[in-house]
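Read the structure below first, then the notes.
For the numbers below, each heavy atom of this structure counts, side chains included, while hydrogens, waters and symmetry mates do not. Residue numbers count from 1 along this sequence.
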Amino acid sequence: MTWDDVEDVLYDGADNDIKSLKCPDCGSLIHYQYNEETNSLKYGCKKCGIVVRGHKCSKKPNSSYCEN
């Protein structure tokens, strides 16, 4: 799995798939947050220090778990 795959699951995956997403580099659970007000998605791995940010996303992530 790559970070591109992680993003695909965040947008198109089932809630269970999203809740169990793991870092492609170290296998730790990833964190994710969608901000509807700014239409931005942030996700990554706290253990590896990787953070991916998307601003002005073309669509909303599939899971309510992404809304924090």
**Item:** Main-chain N/O of Asp5 paired to Asp8 side chain as donor or acceptor, under 3.5 Å
**Value:**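 No, Asp8 side chain to Asp5 backbone: no donor-acceptor pair under 3.5 Å.
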**Prompt:** Which distance, rounded to the nearest 0.5 Å, do you find between the CD1 of Ile50 and the OG of Ser28?
**Reply:**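 With rounding to 0.5 Å, CD1 (Ile50) is 10.0 Å from OG (Ser28).
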**Reported OG-to-CG distance for the pair Ser20 and Leu29, which is rounded to 0.5 angstrom** =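 Those atoms lie 8.0 Å apart.
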**Request:** Might you point out which heavy atoms bring Ile30 and Trp3 nearest each other, and give the distance in Å?
**Result:**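 Here Ile30 and Trp3 meet closest at CG2-CH2, 3.8 Å.
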**Prompt:** What closest approach, in Å, do Leu21 and Leu10 show between heavy atoms, and which atom pair accounts for it?
**Reply:**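 The answer is CD1-CD2, 3.7 Å.
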**Asked** Is any side-chain heavy atom of Tyr32 closer than 4.5 Å to a side-chain heavy atom of Ile18?
**Response**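 Heavy-atom side-chain distance check passes, below 4.5 Å.
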**Message:** Quick check on the hydrophobic clustering: are Val51 and Tyr34 connected, directly or via other members, by side-chain heavy-atom contacts under 4.5 Å?
**Reply:**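 Shared cluster, no.
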Check residues 40-48 and write down every donor-acceptor pair under 3.5 Å in which the side-chain atom is one partner and the other belongs to a residue at least two apart or another chain.
{"from": "Ser40", "atom 1": "OG", "to": "Thr38", "atom 2": "OG1", "distance (Å)": "2.8"}
{"from": "Tyr43", "atom 1": "OH", "to": "Glu7", "atom 2": "OE1", "distance (Å)": "2.6"}

